[in-house]
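Quick caveat, the model's predicted, so the values are computed rather than measured. Chain identifiers are assigned alphabetically (A, B, ...) following the order of the sequence lines, protein sequences preceding nucleic acid strands; residue numbering begins at 1 within each chain.
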Amino acid sequence: MDFFNRFAVPHPSIAIYASMAAIGLTLIAVIAGLTYFKKWGYLWREWLTTVDHKRIGIMYLLSALLMLFRGGVDAIMMRAQLAVPENTLLDAQHYNEIFTTHGIVMILFMAMPFIMFFMNFVVPLQIGARDVAFPRLNALSFWLFFMGAMLFNISFVVGGSPDAGWTSYFPLAGNEFSESVGTNYYMIAIQIAGIGTLMTGINFITTILKMRAPGMTLMKMPMFTWSALIANVIIVFAFPVLAVLLAMGTLDRQFGTNFFTMDNGGMDMLWANIFWVWGHPEVYILILPAFGIYSEIISTFARRNLYGYTSMVGSMVIISLLSFLVWAHHFFTMGQGALTNSIFSITTMAIAVPTGVKIFNWLLTLRKGKIVFTTPMLYSMLFIPLFTLGGVTGVMLAMSAADYQYHNTMFLVAHFHNVIIPGVVYAMLAGLHYYWPKMFGFMLNERIGKWTAWLMSIGFILAFMPMYISGLDGQARRMYTYSESAGFGPMNMVSFVGAAIMAISFVLIVYNIYYSTRYESRDISNDPWDARTLEWSTHTPVPEYNFAILPDVRSNEALWDAKKNGHVLFKGEYEKIHMPNNSGIPFIMSCIFFVWGFSFIFSLWIPVVVTTLGIFGCMALRSFEQDHGRYISVKEIEETETNLRGA
Amino acid sequence: MYKKGIKVVLFSVFFTIITVLAGCEPLLVLDPKGPQAERQASDILLSIGIMSLIVIAVFSMLVYMLVKYRASKQRPDYEPPHIEGNLWVEVIMVGIPVLIVAFLSYISVQSNYIVEAKPKGYEDTKPLVVYASSSNWKWHFSYPEEGIETVNYLYIPTDRALEFKLYSHGPITSFWIPQLGGQKYAMADMVTTLHLAADVPGEFMGRNANFSGKGFAENTFNVTAMSQDEFDDWVKEVKETAKPITEKKFEELLEPGHLGQQTYTGTHLEFSPPPTGHNHSEESTETPETESHTDSHDGHESAGH
Ligand code: HEM
Ligand SMILES: [Cu+2]
Ligand SMILES: [Cu+2]
């Protein structure tokens, strides 16, 4: 019975039953649809077992969009709850679970896969490679991320979601104050996804360092590849810290160790420290690739080379180093004294300098350009002013004595959304519109795209600017309600309206995809934007092997060089191409991980042991496997190339 | 003096703007009633001022570029040039931000020492020491010298340094009275010190600012500042009328839940002492003779702060 109680819905409510029903119906519909259209084989052969970086990228993209809507629904529910004082739409427990899962879903299961999508889809094409260094590991990375995300998402309907905030500070997150299995989900689901991310980091560092096309020296790499390289280096340093932290938290909750407890030698501050040693670099893992995307888009549509290439690279290297030196700014108020606070205050403000360099470089890229306003460019141009606002409030927060007043208030919530939405989310949407034709062979509708960008920005300003004010008026974050007399009502109502407008703009994106799939022309060239970097020199759709002949690169704008200076990119004869075989093991192994994680969360030790054996079994299988991949013959290449050229 | 002048001007300008924006009621943080909060408010306004300059610079550069270099404004055969960069431009691009950051760092470091010390102007007063400890979801205020204790409300004398000793009987909380000064954490295994002072009598909002579970939203308390005489009268009255706090009573109070305001004689510090030995770099004026109820604090200083 005790066992049953742990599975039962701990906080029954209509929303939860509705989601249960929705999840159930969707599953049935998907299974029925696949069976009816006889697509199981196709799904298995072409997607579940694929090791092609482009397809893995698209799967990341789908997951990210899915999670964007999950996190967005959470956001709207929170804003609706706060829209009026003493609202009873959600109760405290529910609200706590929602802001916790909103934070985790948005950062780890939406923004992360979105940048993984870009890295997977774009980096190999941009450096003139045929795949990533370890294609099969890449598939495993994706599936581990995916299973982690799914595991996290079922927490809502099975056993209860984590409720201690996405930062999950102990002792609040310990067994004493957080009794449901919610925080176990946090520990295990993020752990599984995190292992996948760490492997991606290693994979892409190797890819970028080892697999560049002939002639592409480091300083001839396109800016997005640079940003991906640096982000992956941060991943490799930061994610092991997260893994250890989550392992310690799991031990505390499930095996009674006392790392972070209130007595027996536990140190709650230790959690905060380790968390932010990972957590602060994490935000740069997200923002640096976003900067890379903006660099590509801005120089493409200003029709000019990127201004200050070297200082762009330099500033990213400096940011990556500084990102590990600022973590204590997240707890200036922990009583660490004036000296410590002063040091972290200065290192934090220092980050504003390289970031400023980038902003000014983008502005100077526009100078003497010939600016065309496409949708991706519109997002990038909206990014510059909005992100600047978020950046300067960041400097304000970095002044530690003043932070005593901002800490834990809506001011902070406004600040980080002000950097993360224009900074990261806009970059993704800009990149989505930019790379869509390369992925699917048609453009997204420009008119709907621009409407979306404007609407989103209006919504954004309405949603988040009031929070700066209500923060200064004493509204703490994470409050599920407030009294009429507090006077926060009007600001929060405006915020809700803004959030609703943003919600409409996200629905418009879906509509745009639907509309463009039906009506947009299939007759586009390989290089519809008149772009500058190597990925646009491939055919659309990109053949499995990417490049029939590896390009010969002379500058960081290889394609532009070819178009303007008549440099010949592809010289030589076709040769047979070696490609890796598909494999079902990454998917199967990740499914086993899913069951392992679920069992672990509920402390079902027998399935844990069985699945652990299963996981090691998969690894053993791999190490005895004889798989040398396969060759694509010259004849096949010729056929594919003629077909594509004809199209 | 000159710098102070600029600050005062900036202060008043932004104060007015923000006040007007917020519909005339001054925002709590920008309506300081004590020296610490005043320093923080002036830092905030100063930084808003400097930051607006940067925002204006970026906005105007952007508008200029977009207006001047739009494709539709140019000859169809215009070919944008290839420009790598320019040393001088980059020196300016780095130099100005470095100067700004250096200036703000200077202010920030100064302020750190100010908010961590006895409030300016009250250096000579003997501080009133109050132990503020949180439990789910209330605040216990112990006045060891006066020998009284309150729950969920705080009486304080004006024109006197206040020294709050913060700790928690449960999750991490944060003690915050916006109009008197910024917050600081209250934790289970260490005592932190927050220095405040009130210049004028009045009623202020206080709350826990750090999420601590279900009852967090209502985890607030009222602060009333009054003259020293009135404060003394109040203490006397409490001593005459309130019931003593007993160990049993206190255990009851610690149970999770919300309570109204309550008053007791004696303090719980006598039978339930605060955690010891973790004042970090903050110097304490007075530490009551208490024993550690747990021996878990070794190695604390290595926790990174
Ligand atoms: C799309 C519009 C969005 C709205 C309206 C929104 C709204 C909110 C609200 C109301 C909160 C909780 C405030 C509180 O009670 O403390 C919150 C927290 C948070 N949001 Fe968003 N959000 C949005 C998008 C995003 C995005 C895109 C990200 C990240 C990529 C993000 C990351 C976070 C994080 C990390 C938290 C903190 C959660 C916590 O306190 O544990 N949000 N958001
Ligand atoms: Cu940070
Ligand atoms: Cu400590």
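- Within 6.0 Å of the OH atom in B/Tyr64, the count of heavy atoms belonging to other residues, nucleotides or ligands does not exceed 12.
- Both the backbone and the side chain of B/Gln183 come within less than 4.5 Å of a heavy atom of chain A.
- For the atom pair CG of A/Leu90 and CD of A/Glu97, the computed distance is 10.5 Å after rounding to the nearest 0.5 Å.
- Put simply, NZ on B/Lys184 and CD on A/Gln336 are 9.0 Å apart, with the number rounded to the nearest 0.5 Å.
- Without hydrogens or angle criteria, A/Asn273 side chain to A/Met269 main chain gives a donor-acceptor distance under 3.5 Å.
- Residue contact with chain A, scored on non-hydrogen atoms closer than 4.5 Å, involves the side chain of B/Phe59 exclusively.
- The candidate with the highest count of non-hydrogen atom pairs below 4.5 Å against chain A, out of B/Leu166, B/Ile96, B/Val109, is B/Val109.
- Heavy atoms from other residues, nucleotides or ligands lying under 6.0 Å from NZ of A/Lys563 number more than 12.
- Side-chain atoms of B/Asn208 and B/Thr220 include no donor-acceptor pair closer than 3.5 Å.
- The aromatic rings of A/Tyr95 and A/Phe99 stand perpendicular to each other, their planes meeting at an angle above 60°, with 30° marking the opposite boundary.
- Per-residue heavy-atom pair counts under 4.5 Å with chain A were compared for B/Val89, B/Val58, B/Val115, and the maximum is reached by B/Val58.
- For the pair B/Arg207 and B/Phe216, the distance from NZ or CZ to the six-membered ring centre is under 6.0 Å and the angle to the ring normal is within 45 degrees.
- Residue A/Ala173: no heavy atom, backbone or side chain, is found under 4.5 Å from chain B.
- Chain B forms more heavy-atom pairs under 4.5 Å with one residue of A/Thr481, A/Val392, A/Thr409 than with any other, namely A/Val392.
- No donor-acceptor pair under 3.5 Å is formed between the side chain of A/Asn258 and the backbone N or O of A/Gly265.
- With respect to chain B, the highest number of heavy-atom pairs below 4.5 Å among A/His407, A/Met381, A/Glu557, A/Glu176 belongs to A/His407.
- Between chain A and the residues B/His82, B/Glu79, B/Met61, B/Gln36, the most heavy-atom pairs under 4.5 angstrom are made by B/His82.
- For chain A, no part of B/Ile100 is nearby; none of its heavy atoms comes within less than 4.5 Å.
- Heavy atoms closer than 4.5 Å to chain A are found in both the backbone and the side chain of B/Val98.
- When heavy atoms are compared at a cutoff of 4.5 Å, B/Asn136 approaches chain A solely by way of its side chain, counted from C-beta outward.
- The choice from A/Ser400, A/Ala350, A/Gly356, A/Gly471 that makes the most heavy-atom pairs within less than 4.5 Å of chain B is A/Ser400.
- Stacking of A/Lys564 on the aromatic ring of A/Trp560 is recorded, both the 6.0 Å distance cut-off and the 45° axial limit being met.
- Of the atoms belonging to A/Val395, it is side-chain heavy atoms, and not backbone ones, that fall under 4.5 Å from chain B.
- Between B/Gln110 atom CD and B/Ser105 atom OG the span is 12.0 Å, to the nearest 0.5 Å.
- Of the listed residues B/Glu84, B/Met65, B/Arg70, the one with more heavy-atom pairs under 4.5 angstrom with chain A than any other is B/Met65.
- For the options B/Gly85, B/Ser168, B/Pro171, heavy-atom pairs under 4.5 Å to chain A are most numerous at B/Pro171.
- When heavy atoms are compared at a cutoff of 4.5 Å, A/Leu306 approaches chain B solely by way of its backbone atoms N, CA, C and O.
- Chain B forms more heavy-atom pairs under 4.5 Å with one residue of A/Tyr406, A/Tyr169, A/Phe332 than with any other, namely A/Tyr406.
- Interface remark: B/Glu218 contributes side-chain atoms only to the contact with chain A (heavy atom separation under 4.5 Å).
- With a threshold of 4.5 angstrom between heavy atoms, B/Gln179 does not approach chain A through any atom at all.
- To the nearest 0.5 Å, the span separating OG on A/Ser311 from CZ on A/Phe360 amounts to 12.5 Å.
- If you measure heavy-atom distances from A/Phe373 to chain B, the contacts under 4.5 Å come from the side chain alone.
- Both the backbone and the side chain of B/Ala37 come within contact range of chain A, each with at least one heavy atom under 4.5 Å from a heavy atom of that chain.
- Of the listed residues (B/Ile44, B/Asn219, B/Ile83), the greatest number of heavy-atom pairs within a distance under 4.5 Å of chain A belongs to B/Ile83.
- In terms of heavy-atom pairs under 4.5 angstrom with chain B, the leader among A/Leu172, A/Val357, A/Asn305 is A/Asn305.
- For the atom pair CZ of A/Phe488 and CG of A/Asp473, the computed distance is 5.5 Å after rounding to the nearest 0.5 Å.
- Relative orientation of the A/Phe275 and A/Trp166 rings is perpendicular, given thresholds of 30° and 60° on the angle between their planes.
- In terms of non-hydrogen atom pairs under 4.5 Å with chain B, the most contact-rich of A/Thr348, A/Thr393, A/Leu366 is A/Leu366.
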